[in-house]
Participant: 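This is the structure I want to talk about, given as structure tokens.
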Amino acid sequence: MTRWATPFGYIAVTQAWGADHRCTPMQSRTLGMLETLWSASVVGWLNGDTSVDEVNRRLRLAAKLLLGANSVGSKVNAEEED
């Protein structure tokens, strides 16, 4: 597995594909975009603008859209829609 600059990247890869997955350049960029959304969502939650449930819904939707329904081996896409 690629070394990640942040714990978010490592956790996201491990949860989506497993610890042995090596990301493609596109997957790495996608994870960077998800990390940016996660950071902004945490700020919104800390300011009281966004609930934890809404943060969860936004991140799951973004992951599904950015990683694509046809992403091979992704656990994200195996989950049922909320």
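These numbers come from a predicted model, not from an experiment. Here, residue 1 is the first one in the sequence, and each next residue gets the next number.
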Participant: With side chains defined as the heavy atoms from C-beta onward, is the minimum distance between Gln27 and Val13 less than 4.5 Å?
Facilitator: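 Heavy-atom side-chain distance check fails, nothing below 4.5 Å.
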Participant: Measure the shortest side-chain to side-chain distance between Leu59 and Val55 over non-hydrogen atoms and say whether it is less than 4.5 angstrom.
Facilitator: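 In contact.
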Participant: Determine the minimum heavy-atom distance between Leu37 and Arg58, stating which atoms define it.
Facilitator: CD2-O, 4.0 Å
Participant: Check whether any side-chain heavy atom of Leu31 lies under 4.5 Å from a side-chain heavy atom of Leu34, and answer yes or no.
Facilitator: yes
Participant: Pairs in or reaching into residues 38-49: which pass side-chain hydrogen bond (donor to acceptor under 3.5 Å, both in side chains), with residues at least two apart or in two chains?
Facilitator: none
Participant: Not counting sequence neighbours, which residues clear side chain to side chain contact (heavy atoms under 4.5 Å, CB included) with Met26? List them please.
Facilitator: Thr24, Arg29, Thr30
